[in-house]
Amino acid sequence: MHHLKFLVILRFKLTQNNMSDIASKVRSIIVDKLGVDENEVTPEASFTNDLGADSLDTVELIMEFEKEFNLSIPDDQAENIQTVGQAITYLEANAK
Amino acid sequence: MRRVVVTGLGALTPLGNTVQEYWEGLVAGRSGAAPITKFDASLFRTRFAAEVKGFDPENHMDRKEARKMDPYTHYAMVTAEEAFKDAGLEGLALNGERAGVIWGSGIGGMYTVYHEFKAFFEGDGTPKFNPFFVPKMISDIAAGLLSIRYGFHGPNYTTVSACASSNNAIIDAFNYIRWGVADLFITGGSEAAINEPGVAGFNAMKALSERNDDPSTASRPFDLDRDGFVLGEGGGALILESLDHALARGARIYAEIAGAGLSADAHHITAPHPEGLGATLVMKNALRDSGLGPADIDYINVHGTSTPLGDLSEIKAIQNVFGQDAYQLNVSSTKSMTGHLLGAAGAVEAIASIKAICEGIIPPTINHFTDDPAFDPGINLTFNQAQNRTVRAALSNTFGFGGHNTSVVFKAYRA
């Protein structure tokens with residue numbers, strides 16, 4: 001819930017376009033890499049507990065985010081990205 | 001020692017994507033060679049190969065799984081699944097601690113290595129290697145994944161001896177069963193080297209045929225105009241069981257493994273010994289291990305890659321070992337049809353040998369146009385047309401760069 005609130009605040013800061021762009025790209029990367037159904041990719045969904053990712057899948061996801069959004073995510077930050085919502089939040093705040 | 005039988009088969013080959021299609025292609029004398037479709041080969045000296053056709057791993061597993069495997073592992077999973085079902089093992093409560101996987105691959109994940117390196121060299125030097133790079137590339141991962149898929153906790157590893165790899169796998173599995181270490185194995189091998197470095201690498205060695213104007217006749221073992229092998233790909237899987245285990249579950253038995261031989265040329269990294277020394281030794285060893293004499297063998301599925309030197313030394317070796325009995329044999333190179341599946345060659349040729357026993361048909365050596373006077377015309381090389389023959393026992397040779405020689409003898413099962 002905390003993340004959702006944060007997203008709502010972010011929504012006012014960012015243009016509607018930017019917002020949905022980043023979130024939808026993140027979702028499609030997760031669908032592609034984890035082979036899950038799009039409707040499972042909810043903000044609260046944890047990569048490892050809900051979406052069937054193992055530790056290597058998680059590393060690969062972070063790398064895909066870095067590639068897609070042209071940024072470098074430090075390891076200590078990456079450790080805190082464990083749900084879909086956390087990924088979207090981080091990327092919306094940091095993507096160039 | 002315990003008797004060992006073959007109870008399941010699976011194949012993915014340039015001639016067809018199941019054992020049935022593969023065998024039909026062999027008997028019909030079809031070629032699996034055609035222009036390369038996997039990459040743009042227009043600047044390559046050889047622009048054709050024997051590719052697997054119409055294969056999509058996602059028809060066999062989900063996309064997430066498929067993405068984490070190199071093509072050589074796709075071929076392993078799919079052929080093992082066919083063999084497992086064919087053996088009637090699906091749904092049985094097997095003792096996983098007595099079941100193993102020994103898989104052969106000469107090269108492993110070459111496609112994965114190539115594409116990961118390429119991405120690195122094209123980047124700015126920042127390493128962006130995929131976390132699945134190592135587990136996709138390593139040549140033992142197919143054996144590991146098969147153990148996970150089937151819950152087999154017995155011996156598990158990959159054999160690497162270039163083009164002899166999957167014969168080594170079959171021989172090791174055979175040994176562990178007859179020694180009582182395990183009761184059942186998934187064995188065989190797979191290879192997927194039709195890619196830029198694969199073709200260019202073998203081209204640089206002048207090992208490949210360059211008959212670009214006529215790919216389907218390029219693999220012509222024992223023909224005067226043979227000019228190298230045709231690169232193939234795919235996989236073959238066998239289920240081996242102790243006879244007791246097979247009988248206890250009422251399994252259908254294709255054939256028995258009578259024995260096997262191993263040797264090394266100790267001569268040159270890639271050229272065969274000119275007098276076929278290692279090849280002579282390996283067939284002698286295989287016969288001795290089988291308790292069979294030269295007159296007991298009806299068919300030899302030769303290594304016969306269609307290279308000028310290799311074909312010659314192998315026939316010399318057959319004449320050394322079989323003497324006058326060589327004239328009673330049927331000899332054929334199914335690589336004339338499949339191309340050379342490298343580390344998977346032993347597995348698919350074991351299947352051809354076993355089917356020859358079961359069906360009473362010798363698959364041919366196709367593409368024979370001109371006799372080479374170097375070969376004794378008294379040797380029946382089964383040119384161009386399959387021949388009917390009762391096969392009591394068949395010997396399958398595969399030899400690998402490095403001078404590794406392997407022979408496996410299969411015989412008709414008699415209680």
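If you're wondering where the values come from, they're calculated on a predicted model, not measured in any experiment. Order of the sequence lines fixes the chain letters, A, B, ..., with proteins taken first and strands second; residue numbering starts at 1 for each chain.
- Side-chain contact check for B/Lys68 versus A/Asp57: some heavy-atom pair is nearer than 4.5 Å.
- Counting non-hydrogen atoms of other residues, nucleotides and ligands closer than 6.0 Å to CZ of B/Phe202 gives a total above 12.
- The heavy-atom pair separating B/Arg67 from A/Asp32 by the smallest distance is NE-O, 3.9 Å.
- Judged by distance alone, with hydrogens and angles left aside, the side-chain atoms of B/Lys64 form no donor-acceptor pair with the main-chain N or O of A/Ala53 at under 3.5 Å.
- The environment of B/Asp56 atom CG is dense: over 12 non-hydrogen atoms of other residues, nucleotides or ligands sit within 6.0 angstrom.
- At a 4.5 Å heavy-atom cutoff, A/Lys67 makes no contact with chain B through either its backbone or its side chain.
- Residues of residues 117-136 of chain B lying under 4.5 angstrom from chain A, judged on non-hydrogen atoms, are B/Lys128, B/Phe129, B/Asn130, B/Pro131, B/Phe132, B/Pro135 in numerical order.
- Enclosure of atom CD in B/Glu97 is not indicated, since only 12 or fewer non-hydrogen atoms of other residues, nucleotides or ligands lie within 6.0 angstrom.
- For chain B, no part of A/Glu64 is nearby; none of its heavy atoms comes within less than 4.5 Å.
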